Number of protein chains: 2
Amino acid sequence: MSLPRVLAALSDPTRIGIVRVLADGRERGWGQLRAPVAKSTLSHHLKILREAGITRTRQEGTRCYVTLRRAELDERFPDLTRALLAAADAEDVGEVTADES
Amino acid sequence: MSLPRVLAALSDPTRIGIVRVLADGRERGWGQLRAPVAKSTLSHHLKILREAGITRTRQEGTRCYVTLRRAELDERFPDLTRALLAAADAEDVGEVTADES
DNA sequence: CCGAATGTTCGAAGAATGTGGAACCCCGGA
DNA sequence: TCCGGGGTTCCACATTCTTCGAACATTCGG
């Protein structure tokens, strides 16, 4: 979990969008993630986020659920996540939404 | 000056290093920037930073001087620069230093 | 057991990135 | 006027990224 890695992961609008959806701390199944990309592409983006240490993925049966690792991020990079999310909200970055569970 | 652009610019260790050197607000001639890259590569990195809106370049005769656009960054992305610089310092990202003028 | 749903992985194409060398431009000094 | 230092631009190369479709693995439901 290094800073350049995290920034690279977040430099893609789709991935910032995913993080924005997860910002409220709730866990989401990624069938609920509505992103304008193919299934394999979404899988790829989630992998980048996971390997950068930004998200955690939990498997349950055939489904996967993803959460933001907010506590770890805040410990390692104090205040960065908050500032980043605020900036992303201000610019409305990403076209990812989530279905209500 | 968009968030993904800024994050992409800062996802390279060399460029974070440059920003760290400029963090004190002082203007630097980029003959003073000691980065372990070729001249054309440094020029490239400075261009990325400039076009992302992170730095400003001033030309004086044959030399160029660069400053961090801290005020503009803070206005657009409140607190982001501070959090980013703190994280970069904590990890000691980048191998760029500056000669004393 | 078979089929549908859900992710992952693989292969590929196209674009972007980081890097350095060589040539070029511009200005200042001798 | 010529030379040299300082930057930029152009080209080339290797690497990485983004994207998708197709094939595969796994698990649940009927």
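All values reported here derive from a predicted model rather than from experimental measurement. Sequence lines set the chain letters: A, B, ... in the order given, protein chains first and strands last, and positions in each chain run from 1.
Remark: B:R34 pairs with B:D99 by the salt bridge (charged side-chain N to carboxylate O under 4.0 Å, His left out) rule, at least two apart or across chains. Annotation: side-chain hydrogen bond (donor to acceptor under 3.5 Å, both in side chains) contacts of B:E51 (sequence neighbours excluded): none. Scored by the side-chain contact (heavy atoms from CB on, under 4.5 Å) test, B:A23 finds B:L85 as partners (sequence neighbours excluded). In terms of the salt bridge (charged side-chain N to carboxylate O under 4.0 Å, His left out) criterion, residue partners of A:R58 (sequence neighbours excluded) are, by chain and number, A:E27, A:E60. Every residue two or more places apart in sequence or in another chain that forms a side-chain contact (heavy atoms from CB on, under 4.5 Å) with A:A87 is listed here: B:L3, B:F77. Applying the salt bridge (charged side-chain N to carboxylate O under 4.0 Å, His left out) rule to B:R70 yields the partners B:D74; only residues at least two apart in sequence or on another chain are considered. B:R50 meets the salt bridge (charged side-chain N to carboxylate O under 4.0 Å, His left out) test with no other residue; sequence neighbours excluded.
One can place CG of B:L42 at 12 Å from C1' of C:dT19, the figure rounded to the nearest angstrom. Atoms CD (B:E95) and C1' (C:dT19) sit 15 Å apart, rounded to a whole Å.
In the region residues 7-23 of chain A, proximity to DNA chain D at under 4.0 angstrom, judged on heavy atoms, holds for A:D12, A:R15.
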Show the distances under 3.5 angstrom between N or O atoms of the protein and N or O atoms of nucleotides 6-11 of chain C.
from, atom 1, to, atom 2, distance (Å)
C:dT6, O3', A:T62, O, 3.4
C:dG7, OP1, A:C64, N, 3.3
C:dG7, O5', A:W30, NE1, 3.1
C:dG7, N7, A:K39, NZ, 3.3
C:dG7, O6, A:K39, NZ, 3.2
C:dT8, OP2, A:S43, OG, 2.7

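Listed by first then second residue, pairs satisfying salt bridge (Lys or Arg N to Asp or Glu O under 4.0 Å) with a partner in residues 83-95 of chain A read A:R20-A:D89, A:R20-A:D92, A:E91-B:R76, not counting sequence neighbours.
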Extract all donor-acceptor atom pairs below 3.5 Å that involve side chains of residues 37-46 of chain A and protein atoms in other chains or at least two apart in sequence.
from, atom 1, to, atom 2, distance (Å)
A:H45, ND1, A:R15, NH1, 3.0

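When DNA chain D is scanned 5' to 3' for any atom under 4.0 Å from a heavy atom of chain A, the first and last hits are D:dT18 to D:dC28.
Minimum heavy-atom separation, B:A9 to B:I48: CB-CG2, 4.0 Å.
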